[in-house]
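So the structure is just underneath, and the comments pick up after that.
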Amino acid sequence: MEKDWWKKSVVYQIYPRSFCDSDGDGIGDLNGITGKLDYLKELGADVIWLSPVYESPNDDNGYDISDYQAVMKDFGTMADFDRMLEEIHARGMKLVMDLVVNHTSDEHPWFQESRKGKDNPYRDYYIWKKPKEGKEPNNWGSCFGGPAWEYEESSGEYYLHLFSVKQPDLNWENPQVRREVYRMMNWWLDKGVDGFRMDVISLISKDPDFPDGPAGITGYAAFNYCANGPRVHEYLQEMRREVLDGRDTITVGECSGVTLEEALKYASCDGKELSMVFQFEHVDLDFDEKGNKWTDRKCRLTELKEVLSRWQTGLYGRAWNSLFWCNHDQPRVVSRFGNDSPEYREVSAKMLAVCLHMMQGTPYIYQGEELGMTNVPFKGIADFRDLDSINAYWELTGKGIFKEEEMLRFLRYKSRDNARTPMQWDASPNAGFTEGEPWIMVNPNYGEINAADQIGREDSVFSFYKELVKLRKEKPVIVNGEYRLLDPESEDVFVYERSFHEEHLLVVCSFAEKELLWRLPEEMAGQAAKRVIGNYEGQQWGPELMLRPYEASVWEWTKGE
Ligand code: NOJ
């Protein structure tokens, strides 16, 4: 196996609850996934990242785990899992599991023991603190609303939960906790899985002083306050020694609050910690000035270019990027940075795909993104299933911060449920996702947007993604080339160059709904460039490129030819 094969790979993320239901209970399952592996192979996916499938009471759809070594009954059995893994490998693909070890479910036996009292041997598996002046130990807010501390009458102490009350944070300072986690990871790797996506791994080492954040700090802004703690790199290096060394794996750390300097440690090319990280700066740009996501503010293209370019050049040759627009926590990209009107949906979805897939890093495609799936016209709060969205709605409207209609507008724009409606397989009832009642509504546009329509259609978003995935395998410049942003001041176009030895690529993406002309830098205008891919017919190379709404094209030349 080639070293660092994951640098050339494309990862496809499956959110199992919403992917494909094989038994008609309205919930996606493992056998449903196994039945769709040929579809993923056709797209060209090399690796599948599976959001959690472990036993869980589903407070946060499986991100609250009560047994790390059992499969959730809704999803099937361990035998189904083994068969799925075998079928993935038989197609030459790999499987990455979600590793959620910043916290467990409160129904995990460790927590059940821990809350029994101060003398319990499991007490120290979690973070318990005495009240401070009769109140919470500090002012951190939970990511899902309210304080990050829950009081337990019986012992008179609070436990920390950066997420929901049903997701108590594990105490990584306790070596026994770390040993348990490493043992469990080895168990899965021995079973044959190929790596881990590590949920909020940047949060595992808390500041031992548990200092207050700035006054009034809440939610997402507060957990940034305890990200990249003092021992996080020590823990990950220990994990490498205890679990990953000597195994051929792919690991990606979900690193909320990560800075470029920190990422150079997490994802350094020396391979001491992780293969790569997810950073979130580009998808946090449309938060408000206090770091709250509930707003419909749009970010400027210049901001987006600045952030993505800084990560491209900052990690070049030193660490490895992962590239993503979407995941199960983000709204649909075509509705966010593109244009989801019938006229421009496909063309802008393709433009966004070009913009991301021509960068350096490992691209992640989130289920349905390859079809240009859009945000969802949820009617009222009863349509939502995500606890983050529901809690925020009641909290913010309850306090009078937002009116109901306003909050619904923000939810339609930003709610995680936009990504969680069922995968749109075909135009049959419920988009071919289930023969039962789906656990969450299906996007009513499945008649126009579905896989069956797109698989064989040459000009579909699916075919376009397939082509982009293929190009990555064919052109070393995409994997290895140096990155240079052109025209940073433009609010209309995102243009960059990639170069590797004599090979050059120019990537031109218009984010504008209008036609415009873009003038090439002089040194490029004379090159005999060939078009590699584009989202319109009849694209012409010349000193000035004429760009139609959301037009994207990639041009290639070899210096000296
Ligand atoms: C990040 C996950 O992606 C998200 O879905 C989850 O709610 C939190 N971590 C808590 O596990």
Side-chain angles (χ1 to χ4, degrees), residues 11 13-19 28 49-66 68 72 96-108 111 126-127 140-146 148 150 159-170 172 181 196-204 206 219-224 226-228 232 251-258 274 276-280 283-284 293-294 322 324-332 364 366-367 369 384-392 411 414-421 439-440:
V11 183
Q13 185 193 349
I14 292 183
Y15 194 66
R17 221 177 168 72
S18 306
F19 192 63
W49 151 26
L50 195 58
S51 277
V53 294
Y54 315 95
E55 196 52 79
S56 158
N58 275 314
D59 186 50
D60 186 17
N61 284 354
Y63 282 90
D64 48 320
I65 297 169
S66 52
Y68 287 106
M72 190 194 298
V96 161
M97 299 295 279
D98 219 307
L99 181 81
V100 188
V101 289
N102 173 68
H103 45 269
T104 67
S105 162
D106 65 340
E107 296 183 32
H108 192 290
F111 192 72
Y126 295 86
I127 301 173
W140 295 353
S142 139
C143 202
F144 297 152
E150 181 73 4
Y159 69 84
L160 178 71
H161 61 92
L162 293 178
F163 296 89
S164 96
V165 252
K166 286 185 67 63
Q167 292 169 300
D169 281 53
L170 281 166
W172 275 70
V181 169
F196 297 101
R197 172 268 185 189
M198 303 183 186
D199 192 68
V200 287
I201 204 71
S202 55
L203 303 182
I204 58 176
K206 277 75 178 173
Y220 292 92
F223 80 55
N224 281 343
C226 47
N228 311 307
V232 67
T251 51
V252 50
E254 189 202 23
C255 288
S256 323
V258 70
L274 305 172
M276 64 193 102
V277 293
F278 288 131
Q279 63 82 20
F280 292 89
V283 287
D284 291 353
K293 79 169 181 177
W294 301 116
S322 44
F324 74 98
W325 286 132
C326 302
N327 62 36
H328 63 292
D329 295 329
Q330 302 294 331
R332 293 288 180 178
Y364 286 71
Y366 177 70
Q367 65 186 43
E369 177 186 338
F384 290 89
R385 297 288 175 273
D386 166 33
L387 86 164
D388 180 30
S389 308
I390 297 171
N391 288 355
L411 289 176
K414 283 281 183 61
S415 168
R416 310 195 294 181
D417 278 341
N418 284 298
R420 298 177 180 187
T421 59
W439 70 278
I440 185 171

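All of these numbers come straight from a predicted model, not from anything done at the bench. Read the numbers this way: they start at 1 and go in the same order the structure lists the ligands and their atoms.
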Donor on one side chain, acceptor on other, Y63 and S51, under 3.5 Å: yes

Closest protein heavy atom (residue, atom, distance) for atom 8 (C) of ligand 1: F163 CE2, 3.8 Å

Centroid separation F111 to Y126 less than 6.0 Å: yes

Location of contacts on F144 toward ligand 1, heavy atoms closer than 4.0 Å: side chain

Element-labelled atoms of ligand 1 that are located less than 4.0 Å from some non-hydrogen atom of R416: 4 (C), 5 (O), 6 (C), 7 (O)

Pair K166, N58: side-chain N/O donor-acceptor within cut-off below 3.5 Å: no

D60/R416 salt bridge by N-O under 4.0 Å criterion: yes

Ring geometry between Y54 and Y68 (parallel below 30°, tilted from 30 to 60°, perpendicular above 60°): perpendicular

salt_bridge(D329, R420) N-O dist < 4.0 Å: yes

Protein contact to atom 5 (O) of ligand 1 [nearest heavy atom, distance to 0.1 Å]: D329 OD1, 2.7 Å

Proximal ligand 1 atoms for H103, defined as those under 4.0 Å from one of its heavy atoms: 10 (C), 11 (O)

Under-4.0 Å heavy-atom contact with ligand 1, by part of R197 that carries it: side chain

Atom 6 (C) of ligand 1: the protein heavy-atom neighbour that sits closest, reported with distance to 0.1 Å: D60 OD2, 3.3 Å

Pairwise side-chain contact, F144 with Q167, heavy-atom cut-off 4.5 Å (strictly under): yes

R420 neighbourhood, listing ligand 1 atoms whose heavy-atom distance to it stays under 4.0 Å: 5 (O)

Identity and distance of the protein heavy atom lying nearest atom 2 (C) of ligand 1: D199 OD1, 3.1 Å

